[in-house]
Amino acid sequence: MSLGGHEATGPRSAQSEAEIRRDLAAAYRVIAMKGMDDGIYTHISARLPDGPSGQKRFLLNPFGMSFDEVTAGNLVTVDESGAILDDPHGYGVNAAGFTIHSAVHMARHDAACVLHTHTVAGVAVSSVKEGLLSLNQWSAQFHGAIAYHDYEGIALDLEERERIIADLGALNVLMLRNHGTLVCGRSVAEAVKLALNLERSCKAQVAALSMGLTPDPLPDDIAAHTAGQYARAYDKTEASDSDPEWDAILRQVDRASPGYKN
Ligand SMILES: [Zn+2]
């Protein structure tokens, strides 16, 4: 893998724009369904195939829309600076909010999707010096795979982007201290699955540490072994043309939040 640096190969890297739009709209819907959105803020971005002249293109949510209103057809296409290339409904984007995403996409060509959230559990874990502990199977998958970036204020300035990229390095999960989390995926599906597992890990840590009993983190070698097992499973999925877990998520979105494909 993995979770620390991966190659953009396999069928997923050859997805069509229509497939990427469908998956990204589903990603916004599932993040909303799980209560992991934060009003109209935070973003999930996806890289599109380059334009005819090699132009970099990315999809972003229309500004001002809640995540459960995002559809495949209302996603806005922007370049690496956040300038709009295609916006059929004229919604615009939060270009300032895209700056971190753009920096990650441009520095990390394997990052097809960048997913940033502010969830209560994610912010809570980002607010303690120890960060995420390997307390259970969910969190063991992130063992040795999480980078940390210290809070500097709302991340709008260009110099901080460079520090974020340097802190992320070749890893795929960034704990933004006192702020939230950011994950990179080789596909939208992979980013969503990582984000959901990270959220479960953070919730479980908050629960475990609130009991007043003695936390029992996994030994490093067991946690590392588990992380390797997860990484190989993610690699296998990304290299194949079948992802039953993502298909199940799409069906859930279809039932609970229909219309996302429009
Ligand atoms: Zn944020």
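Start at 1 with the first residue, then count along the sequence. Every number for a ligand or one of its atoms is a count from 1 in the order of the listing.
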Practice task
Starting from Y91, walk the hydrophobic network (Ile, Leu, Val, Met, Phe, Trp, Tyr; side-chain heavy atoms closer than 4.5 Å) and list everyone else you reach, by chain and number.
Solution key: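 Noted: Y91 shares its cluster with M65.
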Exercise for the section: Indicate the atoms forming the closest heavy-atom contact of R161 with S102, along with that distance. Expected result: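 Answer, listing the atom of R161 first, then S102: NH1-OG, 4.4 Å.
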Problem - For I146 against L171, the heavy-atom pair lying closest together - result: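 So the two residues come closest at C-CD1, 3.7 Å.
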Practice task
With the Zn ion (ligand 1) as the centre, enumerate protein N/O/S atoms below 2.8 Å in chain and residue order.
Solution key: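 Checking every protein N, O and S atom gives H116 NE2, H118 NE2, H179 NE2.
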Problem - Pair T117, T181: side-chain N/O donor-acceptor within cut-off below 3.5 Å - result: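 A donor-acceptor contact under 3.5 Å links the two side chains.
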Exercise for the section: Could you tell me whether the side chain of R47 and the main chain of H105 form a donor-acceptor pair under 3.5 Å? Expected result: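 Between the backbone of H105 and the side chain of R47 there is a qualifying donor-acceptor contact (under 3.5 Å).
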Handout entry: Whether E238 side chain and D235 backbone form a donor-acceptor pair below 3.5 Å
Key =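 No: the side chain of E238 does not pair with the backbone of D235.
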